[in-house]
Amino acid sequence: MRFSKLFGKTLRQAPAEAESISHQLLVRAGMIAQEAAGIYSYLPLGWRVLRKIENVIRDEMDKVGGQELMLPVLQPFELWQQSGRDIAFGKSLFTLTDRKDHMLALGPTHEEVITDLVHRYVQSYRELPLLLYQIQTKLRDEPRPRGGLLRVREFIMKDLYSFDADEAGLDESYRKMCQAYKNIYARLGLPALMIEADSGAIGGKDSHEFMVITEDGEDEVIHCSSCGYAANVEKAQSAKSLVSIHRSSESSQAKAKSMLPLEEIATPGTKTIEEVADFVGVPASQTLKAVFYFADGEFVFVIIRGDLEVNETKLRNALRCSDLRLATEIEVIGAGIVAGFASPIRMKRVKVVADDSITLGSNFIVGANKPGYHFRNANYPRDFQADLITDIALAKPGDSCPKCQGKLASARGIEVGHVFKLGTFISEKFEASFLDNDGKSRPITMGCYGIGLGRLLAAIVEKSHDANGIIWPLSVAPYQVYICPLSLDKPAVLPTAEEIYQALQREGIEVLFDDRDDSPGIKFNDADLLGIPLRLTLSPRTLQSQSVEAKWRAEKKARLLPLENLAPQVKRLLNHEASLNLEYHH
RNA sequence: CGGGGCGUAGCGCAGCUGGUAGCGCGCAGCGUUCGGGACGCUGAGGUCGGAGGUUCAAGUCCUCUCGCCCCGACCA
């Protein structure tokens with residue numbers, strides 16, 4: 001490609017709205033252009049990168065036996081009603097009506113369509129397992145697109161669905177897919193961490209996300225440096241026992257003995273946990289905190305140890321509700337609760353959900369549901385009950401690791417892949433079943449596996465750039481070589497560059513030829529901004545010694561290559577680099 | 001949906017207490033330059049996001065509206 005003919009323009013300054021590094025660099029390099037919030041065009045350079053990423057993914061999917069197909073973007077709305085996910089997706093689902101007033105959804109994902117399809121084709125266990133995938137545009141009306149390509153409303157995604165006869169089969173498909181994902185990230189030069197993830201209120205049992213740790217990421221990852229435990233904060237656990245060894249070895253009888261009689265104490269003007277704890281003279285972990293929610297319209301009293309925070313994702317899952325919001329103070333009062341002195345002990349009957357932390361301690365301070373009063377020595381279950389006791393606490397940096405008691409830390413990450421064990425939830429809704437070898441009908445066990453291509457592209461830029469621009473790994477670079485002739489008006493420069501351009505292309509090398517009559521500064525800066533891996537510079541100076549200068553984008557130093565037989569030399573350099581990368585990753 | 005910010009030339013911005021729009025980059029032409037964003041001269045490009053209002057007069061003041069960005073809520 002001749003630079004002078006390339007559609008797209010490099011910018012010295014990024015648009016003001018570009019905040020994240022990847023957004024700035026991709027726009028400045030002329031790779032993407034914004035159309036509306038969360039809607040982008042890929043310009044020729046960006047599209048070349050995207051197609052390369054796509055081919056790496058396709059290659060790895062095919063290697064594990066995936067079969068590529070193409071499902072429709074327009075989906076009958078009935079399919080979403082059938083799975084019940086029209087409600088779960090809510091407003092994120094783009095819908096429209098056709099000329100006959102028939103409602104259609106623009107596919108945000110394709111479990112419904114593919115399960116409906118598989119249900120019509122698969123009858124026997126002999127046809128399983130099955131791995132079907134597509135690489136296609138997805139549409140989601142995200143409440144808040146952000147960060148350039150990091151979160152958008154229209155994006156290209158590879159989604160694969162696995163269909164197995166049983167859990168064991170699913171486990172095997174899941175394992176294969178995780179390995180394939182790791183291969184993909186390795187080939188793209190992307191350090192991705194596999195972490196435990198939340199699978200949502202109607203998801204299956206296991207779910208993992210692949211995270212690239214970077215400041216511009218929008219997810220929070222909680223991880224332990226001593227044992228490698230890592231999870232999305234939505235899912236992460238932390239050890240809640242404050243004096244773990246002592247307390248876990250304590251018998252329940254000893255605990256019962258240590259319970260003191262419940263006692264009402266005056267705590268005037270103490271509304272917050274800090275005020276109460278200070279007033280009474282105990283740590284926050286010796287108090288109980290009450291928080292109030294509406295879950296699908298039902299008032300819920302949530303109780304948790306005073307030093308912990310509620311993890312709303314966990315709470316939503318525990319309640320199996322789709323809509324969860326904090327109750328307003330007026331609603332709390334309306335439920336007969338004395339705000340600031342709320343108590344599970346002295347109140348009218350409402351649903352109570354407790355964090356399991358309340359079972360780990362004893363003799364807590366808790367509200368008395370009476371203005372200006374708290375109880376001392378509240379103990380579960382002696383003094384109050386709960387409808388549900390489970391882990392609903394938010395893990396925080398500094399907490400103890402649930403696996404090894406090491407210290408947890410927090411980091412920001414970009415989710416570059418998400419895999420789920422769906423189980424039979426969706427196949428049952430669509431009656432996607434098969435006959436096993438005993439002639440019995442059983443639902444197909446499903447898994448789904450997604451990678452967003454644009455986000456992957458952005459993540460690569462986030463992780464691989466310097467002050468001058470992008471540094472593409474060879475595997476996805478829009479071009480492999482950048483030919484940079486200087487002083488075009490001097491004899492031999494342009495004709496020689498032209499010859500090299502032709503010769504490299506004959507070797508099958510992808511070349512961007514900077515044939516513009518511009519100053520060296522402009523050319524070098526653009527070459528750096530675009531991030532083409534190998535730059536070949538020729539000028540009257542290098543031609544004097546019958547050579548060109550070769551420089552890797554990622555390196556400082558350059559070397560001279562003789563003009564004689566240049567193309568095979570460049571080919572060898574590129575092959576060597578490619579093999580180094582593979583070795584490094586495997 | 002809550003909070004904050006911003007819409008003036010392709011991009012980055014200036015334009016105060018109202019007086020009829022400017023700078024840098026980029027773009028076009030000519031000339032001089034040519035190893036890390038060179039220089040001179042000439043030139044093209046704007047219904048100041050939109051609608052309504054106040055005023056002799058609105059980019060500037062008022063009302064409404066649309067769009068974009070950030071934080072949060074939300075998020076298979």
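From a predicted model like this one, the values you see are computed outputs, not experimental measurements. Here is how names work: the chains are called A, B, and so on, in the same order as the sequence lines, proteins then strands, and each is numbered from 1.
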Under 4.0 angstrom, heavy atoms only, what part of the nucleic acid is [X] near: base, sugar-phosphate, or nothing?
X	value
A/Pro485	nothing
A/Gln34	sugar-phosphate
A/Pro15	sugar-phosphate
A/Lys9	sugar-phosphate
A/Ala36	sugar-phosphate
A/Gly148	nothing

Once salt bridge (charged side-chain N to carboxylate O under 4.0 Å, His left out) is applied, what residue pairs with a partner in residues 292-303 of chain A remain, sequence neighbours excluded?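 Qualifying pairs, neighbours excluded: A/Glu298-A/Lys351.
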Does A/Glu19 come within less than 4.0 Å of A/Arg146, counting only side-chain N to carboxylate O?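 Answer for the salt bridge query: no.
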Are OP1 or OP2 of B/rC69 and a side-chain N or O of A/Arg144 less than 4.0 angstrom apart? no
With nearest nucleotide decided by heavy atoms, which residue, A/Ser92 or A/Thr10, maps closer to the 5′ end of RNA chain B?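 Counting from the 5' end, the first nearest nucleotide belongs to A/Thr10.
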Nearest-nucleotide check on RNA chain B, A/Arg140 vs A/Gln13; residue mapping nearer the 5' end is A/Gln13
Can you figure out which of B/rC74, B/rC71, B/rC34 approaches the side chain of A/Glu312 most closely? B/rC74
Grab the two heavy atoms, one from A/Gly147 and one from A/Ser22, that are nearest each other, plus how far apart they are.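 Here A/Gly147 and A/Ser22 meet closest at O-OG, 4.4 Å.
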Under 3.5 Å, is there an N or O donor on one side and an acceptor on the other linking the side chain of [X] and the base of [N]?
X	N	result
A/Asp528	B/rG36	yes
A/Asp489	B/rC34	yes
A/Arg325	B/rA73	no

Please name the residue in the list A/Asp198, A/Asp391, A/Asp355 that meets the salt bridge (charged side-chain N to carboxylate O under 4.0 Å, His left out) test with A/Lys314. A/Asp391
